[in-house]
**Q** 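My structure is below; once you've seen it, I'll send some questions.
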Amino acid sequence: MTLPKNIADRVWLVMLAATLTTWALGSSGATGTWAVLVMLGLACLKGVLVILDFMELRHAPLLWRILLLGWLTLIAALIVLFYWIGST
Amino acid sequence: MDTTINPPPATTDAEPHLHGDLAIWFFILAELMAFGVFFIAYAVTRAYNVEAFNAAQAGLDRNIGALNTILLITGSWGVVRSVQAARADRLVPAVRWMGVGLVCGLAFLVAKIFEYRAKFAAGLSMDTDTFHMFYFSLTFFHFMHVVLGVCILGILLLKLRRGGYGSHDVHGLETGAAYWHMVDLAWIVLFPLVYVMH
């Protein structure tokens with residue numbers, strides 16, 4: 001199988017695979033710390049791809065890349081923190 | 001010495017720059033902050049109501065949530081391909097790819113309306129419990145952003161059809177596209193958070 005030449009097509013395929021994985025994990029009743037981390041990790045992967053390749057911030061001024069990737073990182077970190085607090 | 005041998009580069013594409021209007025990027029930041037506050041409020045409230053949130057979340061339709069995600073990422077992909085085509089003056093594919101984005105956005109809204117109808121038919125509302133207060137307000141807040149996004153994509157599509165965008169000008173097209181990707185980005189976090197993670 002050859003990879004699509006267009007980076008947007010590759011990104012779309014990766015995001016599709018990540019979404020189906022999250023859906024499959026949810027349907028299989030996956031729960032707990034590792035499931036939360038995997039699902040959030042997949043969401044972050046998708047988020048990074050949207051920010052860098054769809055919003056085209058990969059070649060934008062560093063400040064804007066930091067702002068958007070920082071938003072994603074902060075939200076994901078706080079979600080993990082409060083899921084952890086909820087599990088203890 | 002002849003200095004005209006080295007003309008300035010024809011485009012500034014190599015230089016780091018934002019695609020789309022600077023104003024939309026500030027707007028996107030503000031929108032992401034609003035979504036972010038909502039997401040964190042959900043996570044904090046859940047931390048103190050874990051059992052109730054998990055029980056209520058189990059009643060959500062994960063399949064329709066995953067379908068929503070696939071529609072949004074496919075729509076975003078279509079918009080990216082449309083911008084690429086417009087930059088290369090390939091206007092027919094540009095219109096077609098924008099059509100993909102628009103159809104995906106509309107399909108998202110239709111799927112959401114069916115989801116809400118099923119919830120209302122089951123007697124669920126914002127007043128049912130704290131989880132459903134978050135579920136309805138978060139997804140509806142996002143829903144309204146998709147409505148605006150679909151309107152924007154429709155306007156872009158009409159202007160593309162008239163030949164309004166091309167290698168001479170993609171500024172408005174990129175601006176609208178950036179907003180649409182923000183709507184996608186917010187859902188990418190919302191879907192696992194509200195529908196799946198427990």
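First the proteins, then the strands, lettered A, B, ... as listed; each starts at 1. Atoms considered below: every heavy atom in the structure, side chains included; atoms not considered: hydrogens, waters and symmetry mates.
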**Q** Contact part of V80(B) toward chain A, heavy-atom cut-off under 4.5 Å: side chain, backbone, both or neither?
**A** side chain
**Q** Can you check whether L37(A) reaches W34(A) side chain to side chain, under 4.5 Å on heavy atoms?
**A**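 No - every pair of side-chain heavy atoms lies 4.5 Å or more apart.
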**Q** Can F131(B) and F136(B) be said to form a ring pair (Phe, Tyr, Trp, His ring centres under 6.0 Å), step by step?
**A** CA-CA 9 Å; F131(B) 175 82; F136(B) 280 112; 9.4 Å; no
**Q** Any idea how F141(B) and F35(B) line up, ring-wise: parallel (<30°), tilted (30 to 60°), or perpendicular (>60°)?
**A**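 F141(B) vs F35(B) ring planes: tilted.
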**Q** May I ask you to say whether R87(B) pairs ionically with E56(A), meaning some side-chain N is under 4.0 Å from a carboxylate O?
**A** yes
**Q** Using non-hydrogen atoms only, which part of F53(B) is less than 4.5 Å away from chain A: side chain, backbone, both, or neither?
**A** neither
**Q** Ring pair (Phe, Tyr, Trp, His ring centres under 6.0 Å) for F26(B) and W64(A)? Distances and angles first, verdict last.
**A** CA-CA 10 Å; F26(B) 282 107; W64(A) 283 95; 5.2 Å; yes
**Q** Please identify, among K46(A), M55(A), R58(A), M15(A), the residue contributing the most non-hydrogen atom pairs under 4.5 Å to chain B.
**A** M55(A)
**Q** Would you tell me whether D89(B) and S167(B) have side-chain atoms, one donor and one acceptor, within less than 3.5 Å of each other?
**A**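 Judged by distance alone, the side chains do pair up.
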**Q** Would one find more than 12 heavy atoms of other residues, nucleotides or ligands at under 6.0 Å from atom CZ of F114(B)?
**A** no
**Q** Side chain, backbone, both or neither: which part of N63(B) has an atom under 4.5 Å from a heavy atom of chain A?
**A**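 Both backbone and side chain of N63(B) come within 4.5 Å of chain A.
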**Q** Is the W77(B) to F54(A) ring centre distance short of 6.0 Å?
**A**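 Centroid distance W77(B)-F54(A): not below 6.0 Å, so no.
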**Q** Tell me, side chain or backbone of A178(B) under 4.5 Å from chain A's heavy atoms, or both, or neither?
**A**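 Backbone only.
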**Q** So, do P16(B) and H59(A) sit near enough that their side-chain heavy atoms are less than 4.5 Å apart?
**A**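 Heavy-atom side-chain distance check fails, nothing below 4.5 Å.
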**Q** Just give me the residue among T74(B), N49(B), T69(B) that pairs up with chain A most often, heavy atom to heavy atom, under 4.5 Å.
**A** T74(B)
**Q** Among Y48(B), W25(B), F39(B), single out the residue with the greatest number of heavy-atom pairs under 4.5 Å to chain A.
**A** W25(B)
**Q** Using non-hydrogen atoms and a 4.5 Å limit, figure out which bit of L16(A) sits close to chain B: side chain, backbone, both or neither.
**A**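 Interface part for L16(A): both.
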**Q** Checking heavy atoms, do the side chain of A18(A), its backbone, both or neither come under 4.5 Å from chain B?
**A** neither
**Q** For D9(A), is it the side chain, the backbone, both or neither that has a heavy atom under 4.5 Å from a heavy atom of chain B?
**A**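 Its backbone and side chain both get close to chain B.
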**Q** Shorter than 4.5 Å, heavy atoms on both sides: which option in L193(B), N54(B), I28(B) has the most such pairs with chain A?
**A** L193(B)
**Q** Using the rule that Ile, Leu, Val, Met, Phe, Trp and Tyr join whenever any side-chain heavy atoms are under 4.5 Å apart, tell me whether V194(B) and V196(B) fall into a single cluster.
**A** yes
**Q** Do the side chains of V189(B) and I79(A) get nearer than 4.5 Å, heavy atoms only?
**A** yes
**Q** For L49(A), is it the side chain, the backbone, both, or neither that has a heavy atom closer than 4.5 Å to a heavy atom of chain B?
**A**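 No part of it gets close to chain B.
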**Q** Side chain, backbone, both or neither: which part of L62(A) has an atom under 4.5 Å from a heavy atom of chain B?
**A**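 Neither part.
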**Q** Out of curiosity, does W187(B) fall in the hydrophobic cluster containing L74(A) (side-chain heavy atoms, cut-off under 4.5 Å, transitive links)?
**A**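 They do share one cluster, since a chain of ILVMFWY contacts under 4.5 Å joins L74(A) to W187(B).
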**Q** Which bit of F191(B) is near chain A, if near means a heavy-atom gap under 4.5 Å: side chain, backbone, both or neither?
**A** side chain
**Q** Is it the backbone or the side chain of L18(B) that comes under 4.5 Å from a heavy atom of chain A, or both, or neither?
**A**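 When you check distances to chain A, atoms from both the backbone and side chain of L18(B) fall under 4.5 Å.
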**Q** What residue, out of G32(A), S87(A), S27(A), C44(A), has the most heavy-atom pairs lying under 4.5 Å from chain B?
**A**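 So the answer, after comparing G32(A), S87(A), S27(A), C44(A), is S27(A).
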**Q** Do you know which of V50(B), I188(B), L32(B), L29(B) has the most heavy-atom pairs with chain A at a distance under 4.5 angstrom?
**A** L32(B)
**Q** Does the side chain of Y165(B) come within less than 4.5 Å of L156(B)'s, by heavy atoms?
**A** yes
**Q** Between R62(B) and chain A, which part of the residue has a heavy atom less than 4.5 Å away: side chain, backbone, both or neither?
**A** both
**Q** Salt-bridge test for D53(A) and R10(A): reply yes if a basic N is under 4.0 Å from a carboxylate O, no otherwise.
**A** no
**Q** Tell me, side chain or backbone of F38(B) under 4.5 Å from chain A's heavy atoms, or both, or neither?
**A** neither
**Q** Under a 4.5 Å heavy-atom cut-off, does chain A meet the side chain of W180(B), its backbone, both or neither?
**A** neither
**Q** Can you say whether I51(A) sits under 4.5 Å from chain B via the side chain, the backbone, both, or neither, judging by heavy atoms?
**A** side chain
**Q** Is chain B contacted by the side chain of V50(A), its backbone, both, or neither, given a heavy-atom distance below 4.5 Å?
**A**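 Side chain only.
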**Q** Is chain B contacted by the side chain of A8(A), its backbone, both, or neither, given a heavy-atom distance below 4.5 Å?
**A**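 Both parts, backbone and side chain.
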